[in-house]
Q: 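Let me give you the structure first, and then I'll get to my questions.
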Amino acid sequence: MGNQKLTVFNPNCMYEFFISSDYPDKYWIHYDSNLLLKHINFIIGKKIATSNETLPEFSLKGKVSEEKLLNYDLLHCGNGPSLISPKFTEIILTYFNNEVQLIEAKLRVNDKEYSGYHIMNIIEKVSCMDKERSVFKLSHRPDGPITINNLVISKRQLNALNIFRLEESLSTIVVSPRFAELCSAANLEGLSFVEIEVN
């Protein structure tokens, strides 16, 4: 696949975690359980009560290569949370199990069901934006989200977490060089990391 990954990670920086910009539109999956667990539940940084009897369900229908789709380790969803592959799940369970909540999910591609996929619910939040050095715009609403154009993180406000949400902007996912290195070493597809300055 044409996913460009960083191969060397700066130990003095943190990284913003994204879905790859070259992730194909035709591989966007659909969240079929939004009434059961609304999308908002997965972006507020809180643990979610789950039931093994009613697993969240995702689907994709159409003329797509199932083999190519399943090569991606981060599956993008247009109306809900993203899914991570069994391979990505194993990395989380091995190294970062205490930092995220993994929620088992069902994936159905053209009526064929695949197991081992999970929602990665990132529950840790850290307020560490260096507001003097970062470039951002406040929302016109008092409690609205901010728009960050250039993020700088304050080193003194960091802790030992490897993956967390930025308290000032919960949609911003920050990971450590160690997290990025392990994902890169495992050749995970469909994700990318952008360096964040730490001051």
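Throughout, residue positions are numbered sequentially from 1 according to the sequence presented.
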Q: So do the side chains of Val174 and Ile163 get within less than 4.5 Å of each other, counting heavy atoms only?
A: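 No. Closest side-chain heavy atoms not under 4.5 Å.
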
Q: Tell me the closest heavy-atom pair linking Gly190 and Tyr72, and the distance in Å.
A: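 The pair with the smallest heavy-atom distance is CA-CD2, 3.6 Å.
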
Q: Please determine, by modelled atom types, if Ser85 and Asp73 share a side-chain donor-acceptor pair under 3.5 angstrom.
A: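 Side-chain D/A pair, Ser85 to Asp73: present.
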
Q: Hey, does Lys106 have a side-chain heavy atom less than 4.5 Å from the side chain of Ser115?
A: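 No, too far: nothing below the 4.5 Å cut-off.
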
Q: Which heavy atom of Thr50 sits nearest a heavy atom of Gln101, and at what distance?
A: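 Result for this residue pair: CG2-NE2, 4.2 Å.
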
Q: Check step by step if side-chain contact (heavy atoms from CB on, under 4.5 Å) holds for Val126 and Gln157.
A: CA-CA 8 Å; Val126 180; Gln157 292 174 283; 5.5 Å; no

Q: Could you walk me through whether Ile148 and Leu166 pass the side-chain contact (heavy atoms from CB on, under 4.5 Å) check?
A: CA-CA 11 Å; Ile148 302 175; Leu166 187 70; 3.7 Å; yes

Q: Centroid separation under 6.0 Å, is that true for the rings of Phe18 and Phe193?
A: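 For Phe193 and Phe18, the ring centres are not under 6.0 Å apart.
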
Q: If we only count heavy atoms from C-beta on, is the Ile153 to Asn199 side-chain gap below 4.5 Å?
A: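 No; the side chains remain at least 4.5 Å from each other.
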
Q: Give a yes or no on this: more than 12 heavy atoms of other residues, nucleotides or ligands lie within 6.0 Å of atom CZ of Arg178.
A: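 Result for CZ/Arg178: enclosed.
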
Q: Which atom pair, heavy atoms only, marks the closest approach of Leu102 to Ile92?
A: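 Closest approach of Leu102 to Ile92: CD1-CG2, 3.8 Å.
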
Q: Counting only heavy atoms not in Lys87, do more than 12 fall under 6.0 Å of its NZ?
A: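 Yes - once you tally the heavy atoms of other residues, nucleotides and ligands closer than 6.0 Å, there are more than 12.
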
Q: Starting from the C-alpha separation in whole Å, work towards a yes-or-no answer on side-chain contact (heavy atoms from CB on, under 4.5 Å) for Leu191 and Phe88.
A: CA-CA 11 Å; Leu191 43 114; Phe88 197 171; 3.6 Å; yes

Q: Answer yes or no: is there a side-chain heavy-atom contact under 4.5 Å between Met129 and Ile146?
A: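 A side-chain contact exists here, since the closest heavy-atom pair is under 4.5 Å.
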
Q: With a 4.5 Å limit on heavy-atom distance, are the side chains of Phe164 and Leu158 in contact?
A: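 A side-chain contact exists here, since the closest heavy-atom pair is under 4.5 Å.
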
Q: Is it the case that His39 and Asn79 place a side-chain donor and acceptor less than 3.5 Å from each other?
A: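 No.
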
Q: State, without any angle test, whether Tyr114 and Glu66 hold a side-chain donor-acceptor pair at a distance under 3.5 Å.
A: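 Yes.
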
Q: Within the structure provided, determine whether Phe58 and Pro81 are in side-chain contact (heavy-atom separation under 4.5 Å).
A: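 Yes; the side chains approach each other to less than 4.5 Å.
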
Q: Would you sort out whether Phe17 and Leu74 count as a side-chain contact (heavy atoms from CB on, under 4.5 Å), showing the intermediate values?
A: CA-CA 11 Å; Phe17 174 48; Leu74 185 62; 3.9 Å; yes

Q: Check whether the side chains of Ser127 and Glu168 place a donor and an acceptor atom closer than 3.5 Å, and report yes or no.
A: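 Their side chains do contain a donor-acceptor pair, which is all the 3.5 Å distance test asks for.
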
Q: Using side-chain heavy atoms (C-beta onward) and a distance below 4.5 Å, is Arg165 in contact with Ile173?
A: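 They are in side-chain contact.
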
Q: Pairing donors with acceptors under 3.5 angstrom, does anything connect the side chains of Asn71 and Glu189?
A: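 Absent: no donor and acceptor within the cut-off.
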
Q: Around atom CD of Glu132, are there more than 12 heavy atoms from other residues, nucleotides or ligands closer than 6.0 Å?
A: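 No, the 6.0 Å shell around CD holds no more than 12 heavy atoms from other groups.
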
Q: Indicate yes or no: at least one non-hydrogen side-chain atom of Leu60 is less than 4.5 angstrom from one of Leu107.
A: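 Leu60 vs Leu107: side chains apart.
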
